Amino acid sequence: MDEVVFDCTEPAVLAQFWAGVLGGQPAMRDDSWHFVDVPGFTRLAFQRVPEDKSGKNRLHLDVDVPSIDVAVEQAVGLGATVVGNRHSDAAGSFQVLRDPEGNEWCLVTPPS
């Protein structure tokens, strides 16, 4: 796989946000197409589209972290918003968040 592409209205904002969450440096192909080469992962790209996001994502990223509390604080500082309560079950724990354009994603930890 070469890249995962997000449709968005502000590609530069999302590239900066996801670089802060996952590492790498935001880069620009042109004003409507920005990307991040995430260390150890597939490139994330962000392309400008005219319409706003509507409805729930059909695909989302799960980001494995050592501490959900610490990762939530860092993500919120970068512009994420928390959605609902943290969930825990036999598979581990996860917290749903939204990026600055409302795309849902999760911070996850394995069971302890």
Side-chain angles (χ1 to χ4, degrees):
M1 176 173 11
D2 283 334
E3 59 193 1
V4 175
V5 181
F6 290 75
D7 290 349
C8 61
T9 57
E10 296 294 333
V13 171
L14 284 191
Q16 184 71 39
F17 172 81
W18 284 104
V21 171
L22 299 173
Q25 295 296 317
M28 177 178 81
R29 184 177 77 192
D30 60 43
D31 204 34
S32 66
W33 187 276
H34 291 243
F35 62 92
V36 178
D37 288 326
V38 178
F41 191 67
T42 299
R43 171 181 284 177
L44 297 182
F46 309 93
Q47 69 178 350
R48 179 172 286 122
V49 296
E51 60 277 351
D52 289 333
K53 178 185 179 299
S54 63
K56 183 171 176 9
N57 293 6
R58 297 295 299 255
L59 170 78
H60 71 267
L61 300 179
D62 282 353
V63 178
D64 189 27
V65 295
S67 167
I68 290 179
D69 291 333
V70 170
V72 164
E73 184 177 333
Q74 292 169 341
V76 168
L78 293 167
T81 55
V82 175
V83 178
N85 296 318
R86 184 175 309 167
H87 303 273
S88 296
D89 59 24
S93 297
F94 69 94
Q95 175 65 59
V96 179
L97 296 101
R98 288 193 182 105
D99 74 11
E101 289 210 12
N103 298 300
E104 296 90 1
W105 59 289
C106 294
L107 294 167
V108 299
T109 58
S112 35

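Predicted model, so just to flag it, every value in this text is computed and none were measured. We number each residue from 1, following the sequence as shown.
With no hydrogens or angles considered, no side-chain donor-acceptor pair links W105 and D99 at under 3.5 Å.
The local environment of CG in D89 is crowded, with over 12 non-hydrogen atoms from other residues, nucleotides or ligands closer than 6.0 Å.
Inter-residue side-chain proximity for L14 and H34 is flagged as unmet; no heavy-atom pair is nearer than 4.5 Å. Considering only heavy atoms from C-beta on, E101 stays 4.5 Å or farther from V13 through its side chain. Under the 4.5 Å side-chain criterion, counting only non-hydrogen atoms from C-beta, F94 is not in contact with D62. Contact check for L78 versus P100: no side-chain heavy atoms found under the 4.5 Å cut-off. In this structure, T109 and S67 have side chains that are not in contact, with every pair of non-hydrogen atoms separated by 4.5 Å or more. The closest side-chain heavy-atom distance from R29 to Q47 is not below 4.5 Å. Put simply, the side chain of V72 does not reach to within 4.5 Å of the side chain of D69, judged on heavy atoms. Looking only at side-chain heavy atoms (C-beta outward), V63 and L22 come within less than 4.5 Å of each other.
The shortest heavy-atom contact between A91 and P111 is O-CD, 3.2 Å. The two residues W33 and A45 have their closest heavy-atom pair at CZ2-CB, 3.5 Å. Among all heavy-atom pairs drawn from G23 and P39, the shortest one is C-CD, 3.7 Å. Counting all heavy atoms, side chain and backbone alike, L44 lies closest to F6 at CD2-CE1, 4.1 Å. Contact record, E51 with T9: O-CG2, 3.9 Å, taken as the closest heavy-atom pair.
Rounding to the nearest 0.5 Å places SG of C106 at 9.5 Å from CG of L61. Atoms CG and CG, from D7 and N103 in turn, are 9.0 Å apart once rounded to the nearest 0.5 Å. The distance from atom CD of E104 to atom CG of L59, rounded to the nearest 0.5 Å, is 11.0 Å.
Panel note: side chain Q16, backbone Q25; no donor-acceptor pair is recorded below 3.5 Å. When atom types are taken as modelled, the side chain of K56 and the backbone of R58 share no donor-acceptor pair closer than 3.5 angstrom.
Linking Ile, Leu, Val, Met, Phe, Trp and Tyr residues whenever their side-chain heavy atoms come within less than 4.5 Å leaves V83 and L107 in two separate clusters. Hydrophobic clustering (ILVMFWY, side-chain heavy atoms < 4.5 Å, transitive): L97 and V70 are in distinct clusters. Residues V38 and V4 fall within the same hydrophobic cluster, defined by Ile, Leu, Val, Met, Phe, Trp and Tyr side chains chained together at heavy-atom separations under 4.5 Å. Under the 4.5 Å side-chain heavy-atom criterion for ILVMFWY residues, a single connected hydrophobic cluster contains both F46 and F41. In the hydrophobic clustering of ILVMFWY residues, with side-chain heavy atoms under 4.5 Å counting as a link, M28 and W18 come out apart.
Scored by the side chain to side chain contact (heavy atoms under 4.5 Å, CB included) test, A19 finds P26, V36 as partners (sequence neighbours excluded).
Note on R48 versus D30: no salt bridge recorded, every NZ/NE/NH1/NH2 to OD/OE distance being 4.0 Å or above.
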